[in-house]
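Written out below as structure tokens is the structure these notes cover.
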Number of protein chains: 2
Amino acid sequence: MSFHLCAGTGPGLLLRLFLVFATVSVVVDGMNLWPMPKSVNYGSQTLYLSKDFKLRTEGSNYADGLGILQDGFSRMVDIVVASRAIGPNVTNSHVLAGIAVEISSSDDSLNFGIDESYKLFIPSTGYPLFGRIEAKTVYGALHGFQTFSQLCHFNFTTRNIELHLAPWIIDDQPRFLYRGLLIDTARHYQTLTVMKNVIDAMAYTKLNVLHWHIVDTQSFPLEIPSYPKLWNGAYSYSERYTMAEAAEIVLYAQKRGINVLAEIDVPGHAFSWGTGYPSLWPSSDCQQPLDVSNEFTFKVIDGILSDFSKVFKFKFVHLGGDEVDTRCWMTTPHVKKWLDKHGMNESKAYEYFVLRAQNIALSHGYEIVNWEETFNNFGNMLSPKTVVHNWLDVGVAPRVVAAGLRCIVSDQNNWYLDHLSTTWQQFYMNEPLTNITNHEHQKLVIGGEVCMWGETVDGSDIEQTIWPRAAAAAERLWTPFDKLAREPRQVTSRLAHFRCLLNQRGVAAGPITGGGRAAPEEPGSCYKQ
Amino acid sequence: MSFHLCAGTGPGLLLRLFLVFATVSVVVDGMNLWPMPKSVNYGSQTLYLSKDFKLRTEGSNYADGLGILQDGFSRMVDIVVASRAIGPNVTNSHVLAGIAVEISSSDDSLNFGIDESYKLFIPSTGYPLFGRIEAKTVYGALHGFQTFSQLCHFNFTTRNIELHLAPWIIDDQPRFLYRGLLIDTARHYQTLTVMKNVIDAMAYTKLNVLHWHIVDTQSFPLEIPSYPKLWNGAYSYSERYTMAEAAEIVLYAQKRGINVLAEIDVPGHAFSWGTGYPSLWPSSDCQQPLDVSNEFTFKVIDGILSDFSKVFKFKFVHLGGDEVDTRCWMTTPHVKKWLDKHGMNESKAYEYFVLRAQNIALSHGYEIVNWEETFNNFGNMLSPKTVVHNWLDVGVAPRVVAAGLRCIVSDQNNWYLDHLSTTWQQFYMNEPLTNITNHEHQKLVIGGEVCMWGETVDGSDIEQTIWPRAAAAAERLWTPFDKLAREPRQVTSRLAHFRCLLNQRGVAAGPITGGGRAAPEEPGSCYKQ
């Protein structure tokens, strides 16, 4: 098979398909796709999925050495079946035999800015009948699988998986290149199983960056081979990750089109580092921020980022930099002496620390993300390779991009998942380009991120605190602005449907009638709660 | 291999093992097994699990036609690995190469009263070194796998799975034959994925009966082939189970040693039946209890139980019978007329209904479970094949067994999981034989059951509402009375460990510091919350 829509059809088929579609109204209301694609056209024919649903890749330039496409296809079939007891195979002319995927790039490297677009065609006639996905990269094709999975329904009468309203032509690509979710494994350790479940659900919502806030004041769960006592700061013997396991998480995420942004949050939020290396603490009375006066501090940061660079291949590393209370530097004699010697006050020392950490990251080939306090305090000194991560103030993003730096939006009033009272409606309506009208400035907002800080989430409640609210933000980040609902109530039933779909797939997404992890208040249908 | 502990060892090994054990103190404190086995002996040798860990079945009389043993072994290896990134294989004399299983019964039928005992031996010397499980039935062997899985730990230094304190001799069997968990799919539909996850976790805790409260007033999600309009009472098109899916759940449970007790709750709790067949309602003003005066009512019950008997092969069916408010029978003219004609008052009609339903169940080969109101109102009329399900009053069990009937204990003040404020300590300390001293009477208490009523649990919160509190009850039901803790604090750290193990296995068990589905209150280690 070359460029044809399905085997056995002539070269005129695409043209014929378009003629068919010309008579079909472009109505997306009533479609339960989430997030809504850029362009959707459909017809009125019901198809039946073959029990022997096939992947075809003839004509593709992509060799699939890592099995990314084949595994993605198998997972897609699994979630379409969703444990349903499927009946005997249908034999009629409307059986969809499989999907043919044509990928034009042979490259399977995943990073910021890769092409994630895809086109999905489901014809209504032909034999054998094959759907078709065209994509530049395998990661675009994976998005196509996700969309396809949402077109399929179990029919309780025929006991088959059906696909309604064929033919379909869907043309899709993300609005923002960076669509993130933060997980915090320092306030509570999250098991590898939980991490993988979160990644699976991210793929369902077309999010593409797992921001792994690995360590913080409370614990240091990750092995750092260069400084092997660092994970002495873990909560317990078993609440740890080996670097091999971090690599496994990165590969697991990559196979689902998701990048991992690793973070060390310096110089504050780093008390746990001193458990293994107490000299990182300025003194027993001043255990954070890290000791700015000690060369060993920067050696350790260099060792960590050197180890990171072998495993975390994303273009960016996150260096934190938020909520730095430098007062105790001034009351620690050897630090105060060092500051005086170098003519620095507290704020200059904070700037010195952040910029030196940035330079270390740059030396390992990373570009940098820093929380907004670094910009707010010394924005004109930051490396031009910095992305400023907005969290405090809705007004900071316009200032960041006006200054020529890139920005990620995580406004805490709308996109912090640990704020349990924040509703999905707020998550949906939070617009990253608010008050940014200049087109060149808009391009500097690379995307947004919802943040699941870990103070009160462990393995028991993380999923229902994240979902479905994170999915509401995911549509904001994926769908073209002019296709987004102007009022959240326009998408309520579609989001309710998607949350029930997540439940079917084993994701513990909560009712949409509450805030974060709200229990259902009374008996009722999933679709109405 | 015949009866020897492992291949290549002489017949004197068992004797030698026992000589070794004679010098080892029988201390179970510090062992984190849950539920605690009947008898545990151990030594001081660390073993390393082979990456190519093998199942051997030479000498077993069990053919494993359904793959119950092989699949159980594979699942056990999966949960032992628990997503850990295992290092290269160890090669030394303390590598445990696998487990040899000897099952004396060829029968894989699962039902009430089968032998669930097992013996687990882990030697510390020999080559190749094999653990050994001896069991009467494959289901005993599955319990042995569960216990074995809890002996294994990931070593963060060697990157291997280790088993400490070999040699082990564990001799184990359940205290009660019936160890149940109720799931209610009428107040909220639970997806097949959720049902399977609950069954998996039941196997981890050695519970053996899933009491499926399938239908109730709010919805009728199950297909009944004999009366195909009944599931018109489902919440929605997709919140339903085909009978093929029910059979799949039964098989899934069986492969994990878990029976499924199906319930229809008659004559009350049955409003939803009338959606498809309105004549089951006495009138539009009286929509429950079911119409006692209508022969069609009993035809439908007969049809349901006939369909049940093809799929639900457990010895018992649950016929409900609780909370029956018969007042509107008296105000419905045709029912009142029928009652008068047959010389019945309300309470006699309730008795008539329950006994007739019992007879229908008996005709399909079932014994019966009924909620305690049936016993409280007309206990001396119940079939001797009745098991009375206590829920209201802690005092009813002694009266039931004194009357010569069997009893299941689910005291709502201690074993109702929807009571969120009930602590794991209450679940642990609830003793089914309270105030039952006569040995013959004690034998009539076949076990107990924790109940997860579904008013406020859906796919988002069911797991953390069940676990770990149900596990606390599971030890009460499994472990010999004289091995149970007299004070809950004696098992706090062991239960905390087990809850963290559940999290590692992907079960969203909540902190033990709260009641049902309590979120962790602050950052901290899983083992301390």
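Chain letters run A, B, ... following the sequence lines, proteins first, then strands; residues in each count from 1.
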Using non-hydrogen atoms and a 4.5 Å limit, figure out which bit of [X] sits close to chain A: side chain, backbone, both or neither.
X         : result
Lys196(B) : side chain
Glu223(B) : side chain
Asp216(B) : neither
Ser236(B) : side chain
Glu463(B) : neither
Glu521(B) : backbone
Trp467(B) : neither
Ala509(B) : backbone
Arg159(B) : side chain

With a 4.5 Å heavy-atom cut-off, do Glu245(A) and Phe154(B) have their side chains touching?
yes
Do the non-hydrogen side-chain atoms of His188(A) and Cys526(B) ever get within less than 4.5 Å of each other?
no
With respect to chain B, which residue among [options] yields the maximal number of heavy-atom pairs within a distance under 4.5 Å?
options                                    : answer
Glu248(A), Glu239(A), Gln464(A)            : Glu239(A)
Ser460(A), Ala247(A), Gly510(A), Ala186(A) : Ser460(A)
Pro511(A), Pro523(A), Pro228(A)            : Pro523(A)

Under a 4.5 Å heavy-atom cutoff, which of [options] has the most pairs with chain A?
options                                    : answer
Gln190(B), Arg499(B), His153(B), Lys528(B) : Arg499(B)
Glu522(B), Arg240(B), Gln218(B), Arg505(B) : Arg240(B)
Asp461(B), Asn503(B), Leu502(B), Asp184(B) : Asn503(B)
Met195(B), Gln504(B), Arg517(B)            : Gln504(B)
Ser525(B), Ala244(B), Ala508(B), Ser238(B) : Ser525(B)
Trp231(B), Tyr189(B), Tyr241(B), Tyr252(B) : Trp231(B)

Any idea which heavy atoms bring Gly506(A) and Thr193(B) closest together, and the distance?
CA-CG2, 3.6 Å
Which pair of heavy atoms, one from Thr456(A) and one from Ala519(B), lies closest together, and at what distance?
O-CB, 3.9 Å
Chain B contact via Tyr237(A) - side chain, backbone, both or neither, heavy atoms under 4.5 Å:
both
Assess whether atom NZ of Lys51(B) is packed by more than 12 heavy atoms of other residues, nucleotides or ligands within 6.0 Å.
yes
